[in-house]
Amino acid sequence: MNRTRRETLGLVGGLAATVLGGCLAPEAGGDGTGGSDGGTTTPTHPTPRNGTDQGTPTDTENGTPSGLPDGVERVDAPPYDIEEPVCSGEEKNEDYDPLYLCANMPAEPSLAFDQRPARGTVFRDEGLQFSPGDDSGGNGNQLYATLLTGPDDVDRLEDDGDELHAFVSETDFERQAVLVVQTGWGSGSILPHLKRIETTDTGIHAFGCYTRPCVYTADYTARTTVARFDRPDALDSGVVSLTVDPSTRYNVATGEGVVTIDQSS
């Protein structure tokens with residue numbers, strides 16, 4: 001079926017209904033709107049890497065150094081146990097938890113936040129961008145994180161008539177701010193999801209994981225989550241730690257541009 005540039009999915013109830021139940025429909029794309037021509041579905045979840053080849057971290061697109069804090073590696077292992085559920089390969093599997101990568105992740109301490117996931121690219125002139133005719137979407141895995149801290153930042157988003165733009169526009173920037181996390185490229189049903197947002201001396205550190213549905217779409221797109229959170233006393237920087245499989249976690253800082261993790265080496 002044809003989908004809009006960004007189709008927002010709910011992660012509570014909507015995740016179960018859309019990812020587990022409704023993600024069997026083929027995804028169309030290839031028009032430069034964040035997805036390519038998938039056209040098929042895959043009846044099982046992707047096989048995680050075994051951790052022996054975590055890829056070679058690279059600098060951002062413009063060659064600037066990593067903006068990660070001291071002691072934080074680009075690629076590391078999740079600091080908690082992960083039990084991978086058995087996927088039956090069926091459309092409905094009530095015992096399968098698509099958020100199993102986050103199941104044992106601590107939820108506290110955390111600022112209060114609300115998040116909205118989306119498929120596709122979300123910014124006018126920044127972040128992950130899909131080029132027409134480019135089926136690679138860039139080399140390796142890509143990540144991008146940024147903070148929206150004032151009303152003028154709403155204009156960085158495209159499509160001012162869609163739900164995601166409305167969600168950000170409703171932010172009370174006196175008391176709140178917004179974190180945008182993008183990952184690419186792959187199935188639109190494998191979305192970034194945040195479980196907690198901690199305060200740091202200079203800002204925030206968000207922790208989350210990929211959703212890993214038992215049955216997932218075979219489209220090819222960027223994936224996004226937008227989190228509106230209670231503003232801490234200081235908000236000069238942000239870090240995102242995202243568990244992508246049982247043995248691998250990626251870390252990216254806001255302000256360092258698009259980061260590519262090259263898995264070809």
Side-chain angles (χ1 to χ4, degrees), residues 3-9 11 27 29 32-36 55 57-62 64 66-68 74-75 101 113 115-131 134 136-149 153-159 162-165 167-168 177-195 197 204-212 217 219-229 237-244 248-263:
R3 297 188 183 275
T4 59
R5 183 177 180 84
R6 293 195 302 275
E7 178 178 345
T8 303
L9 306 178
L11 282 175
E27 298 295 326
T33 60
S36 68
T58 66
D59 290 338
T60 58
E61 285 185 330
N62 58 8
T64 57
S66 166
L68 291 172
R74 179 69 71 204
V75 182
L101 290 174
F113 69 96
Q115 66 186 315
R116 297 288 187 275
R119 288 177 169 134
T121 57
V122 298
F123 290 107
R124 297 182 188 276
D125 301 309
E126 62 184 281
L128 271 60
Q129 299 291 327
F130 189 87
S131 299
D134 179 9
S136 68
N139 295 323
N141 288 341
Q142 292 189 320
L143 302 95
Y144 180 77
T146 191
L147 292 166
L148 309 182
T149 59
D153 283 335
V154 179
D155 292 335
R156 292 161 62 183
L157 299 169
E158 60 183 18
D159 294 344
D162 72 1
E163 295 180 17
L164 193 65
H165 193 282
F167 173 73
V168 176
V178 172
L179 172 67
V180 182
V181 181
Q182 285 187 296
T183 70
W185 297 77
S187 170
S189 56
I190 301 177
L191 293 159
H193 171 79
L194 301 181
K195 188 163 184 179
I197 301 178
I204 60 167
H205 191 159
F207 297 84
C209 68
Y210 273 155
T211 62
R212 288 284 185 176
T217 58
D219 56 330
Y220 194 76
T221 183
R223 295 74 60 95
T224 302
T225 193
V226 177
R228 183 172 60 211
F229 59 92
S237 66
V239 176
V240 178
S241 296
L242 193 69
T243 299
V244 298
T248 310
R249 185 174 69 171
Y250 292 161
N251 300 291
V252 61
T254 61
E256 60 174 334
V258 176
V259 172
T260 298
I261 300 179
D262 186 0
Q263 301 178 54

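Just so it is clear, the model here is predicted, and its values are computed rather than measured.
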- Message: Let's go through H165 and D159 carefully: what are the C-alpha distance in whole Å and the side-chain angles of both, what is the deciding distance for side-chain contact (heavy atoms from CB on, under 4.5 Å) to 0.1 Å, and is it a yes or a no?
- Response: CA-CA 7 Å; H165 193 282; D159 294 344; 5.9 Å; no

- Query: What is the minimum heavy-atom distance between A253 and E256, and which atoms define it?
  - Reply: N-OE2, 2.7 Å

- Message: Keeping T211 on the side-chain end and S189 on the backbone end, is there a donor-acceptor pair under 3.5 Å?
- Response: yes

- Task: Check whether any side-chain heavy atom of H205 sits under 4.5 Å from a side-chain heavy atom of V240, and report yes or no.
- Result: no

- Query: Side chains of D219 and T221: donor-acceptor distance under 3.5 Å anywhere?
  - Reply: no

- Message: Could you go through V226 and V178, starting from their C-alpha distance and side-chain angles, then the distance that decides it, and tell me whether this counts as side-chain contact (heavy atoms from CB on, under 4.5 Å)?
- Response: CA-CA 7 Å; V226 177; V178 172; 3.4 Å; yes

- Item | Student check: side-chain heavy atoms of L191 and T225 closer than 4.5 Å | no

- Task: Any chance you could lay out the side-chain contact (heavy atoms from CB on, under 4.5 Å) test for I204 and L179, step after step, and finish with the verdict?
- Result: CA-CA 9 Å; I204 60 167; L179 172 67; 4.2 Å; yes

- Message: Please check this pair: side chain of E126 against backbone of F123, looking for a donor-acceptor N/O pair closer than 3.5 Å.
- Response: no

- Note on the structure: d(S187 OG, R119 CZ) to nearest 0.5 Å is 7.0 Å

- Task: List the atom of F113, the atom of A227, and the distance in Å for their closest heavy-atom pair.
- Result: CD1-CB, 4.3 Å

- Message: Quick check for you: to the nearest 0.5 Å, what is the distance between R223 atom CZ and Q142 atom CD?
- Response: 11.0 Å

- Item | G188 versus T217, closest heavy-atom pair with distance | N-OG1, 3.6 Å

- Decide yes or no for E158 and T121: does some side-chain heavy atom of the first lie under 4.5 Å from some side-chain heavy atom of the second? yes

- Note on the structure: Looking only at heavy atoms, the pair that brings L242 and Y210 closest together is CD2-CE2, 3.9 Å

- Item | Check: Q182 main-chain N/O paired with T224 side-chain donor or acceptor under 3.5 Å | no

- Message: Walk me through whether T183 and Y250 qualify under side chain to side chain donor-acceptor pair (under 3.5 Å).
- Response: CA-CA 10 Å; T183 70; Y250 292 161; over 6 Å; no

- Note on the structure: On a heavy-atom basis, the closest approach of L128 and A222 is CD2-CB, 4.1 Å

- Message: Between R116 and E163, does any NZ, NE, NH1 or NH2 come within less than 4.0 Å of an OD or OE carboxylate oxygen?
- Response: no

- side-chain contact (heavy atoms from CB on, under 4.5 Å) partners of A177, counting only residues at least two apart: F229, R231, L235

- Would you confirm whether R228, through its side chain, and F167, through its main-chain N or O, come within 3.5 Å as a donor-acceptor pair? yes

- Taking R212 for the side chain and V244 for the main chain, is one N or O donor matched with an acceptor at less than 3.5 Å? yes

- Note on the structure: Nearest heavy-atom approach of A206 to I197 is CB-CG1, 4.0 Å

- Side chain proximity check, T146 to R156, heavy atoms < 4.5 angstrom: yes

- Message: Suppose we screen for side-chain contact (heavy atoms from CB on, under 4.5 Å). Which residues come up paired with N251, at least two apart in sequence or across chains?
- Response: L68, V72, D76, S241, R249

